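As structure tokens, the structure follows; a few thoughts come after it.
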Amino acid sequence: DFGSKLYNDSPNANTAYFVAKAYQSLNDQANFRSWGQRVVRHDPNNLQILVELSNSYWGAHDFNNTVTYAKQALQATEKAKKPDSQTDAQWSAQLDQVRGFCYRALGEADYVNTNNTAARGNFEKSVEFDVKNDFAHYRLGLIYWGAGRTNQAILALAKSVVLNGPSSKEARDQLNQLYRSVHGSTSGLPTVIQRARQDVGL
């Protein structure tokens with residue numbers, strides 16, 4: 001309430017940011033999104049808020065806004081300035097992780113709209129920037145499988161499995177099913193898993 005009154009008296013990006021983050025800390029996503037929008041109206045290159053807005057809208061299954069803020073975040077990565085506390089390598093890795101997230105968000109919007117060609121392109125860009133993005137590998141596995149590219153599908157699903165993220169359990173179920181349907185058993189899976197580990201740097 002105090003922040004809202006302060007903002008009404010003197011609208012600016014900093015006050016909007018602190019109110020947005022307060023609502024986010026309370027897991028009030030609707031008010032976070034409302035105040036996050038105020039932040040980017042004042043500061044259209046606020047990379048953190050753009051990414052968090054895209055993620056929040058993704059959680060709400062509002063993929064139009066997911067795409068809007070993901071695209072804005074991608075543009076903002078080109079203008080973002082490295083904090084003094086980070087090395088060039090750390091900053092580059094952080095920006096690549098942001099790009100990986102953004103392309104994953106764009107890919108998911110395409111996927112739910114059954115535009116698998118565009119989804120595949122965006123998910124492939126996602127893992128190019130962030131090889132440890134388990135969800136992008138999982139979706140790629142499903143897309144490759146649907147296109148009959150079973151070897152690529154098996155490896156993509158295996159990468160999602162070894163990354164052990166939120167998608168890993170579903171990826172493992174799909175991997176076992178696909179591998180068994182192709183090879184008749186899962187006896188060769190340890191070899192695939194080992195290659196997946198090497199490919200994602202584990």
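The figures that follow rest on heavy atoms only: side chains count, while hydrogens, waters and symmetry mates do not. Here the structure is a predicted model, which means the values were calculated and not measured.
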- Query: With no hydrogens and no angle check, do the side chains of Asn133 and Ser126 hold a donor and an acceptor under 3.5 Å apart?
  - Reply: yes
- Query: For the residue pair Ile143 and Ala119, what are the closest heavy atoms and their distance?
  - Reply: CD1-CB, 3.9 Å
- Does a salt bridge link Glu52 with Arg33, judged by any charged N lying under 4.0 Å from a carboxylate O? no
- Sub-4.5 Å side-chain heavy-atom contact between Asn14 and Tyr17: no
- Kindly work out whether a path of hydrophobic side-chain contacts (I/L/V/M/F/W/Y, heavy atoms less than 4.5 Å apart) joins Tyr69 to Leu95. no
- Query: Can you tell me how far CG of Asn55 sits from CZ of Phe101, rounded to the nearest 0.5 angstrom?
  - Reply: 4.5 Å
- Message: If hydrophobic clusters are built by linking Ile, Leu, Val, Met, Phe, Trp and Tyr wherever their side-chain heavy atoms come under 4.5 Å apart, do Val51 and Val40 end up in the same one?
- Response: no
- Task: If you link ILVMFWY side chains whenever their heavy atoms are less than 4.5 Å apart, which other residues fall into the same cluster as Phe129? By chain and number, please.
- Result: Val67, Leu74, Tyr103, Leu106
- Identify whether Val19 and Leu6 are in the same connected component of the hydrophobic contact network (ILVMFWY, side-chain heavy atoms under 4.5 Å). no
- Centres of the Trp35 and Phe18 rings: under 6.0 Å? no
- Is any side-chain N of the basic residue among Lys5 and Asp1 closer than 4.0 Å to the acidic one's carboxylate O? no
- Task: Please find out if less than 6.0 Å separates the ring center of Tyr144 from that of His137.
- Result: no
- Task: May I ask you to decide if the ring planes of Trp58 and Phe135 are parallel, tilted or perpendicular, using 30° and 60° as cut-offs?
- Result: perpendicular
- Residues passing the salt bridge (charged side-chain N to carboxylate O under 4.0 Å, His left out) test with Arg120, sequence neighbours excluded, are Glu124
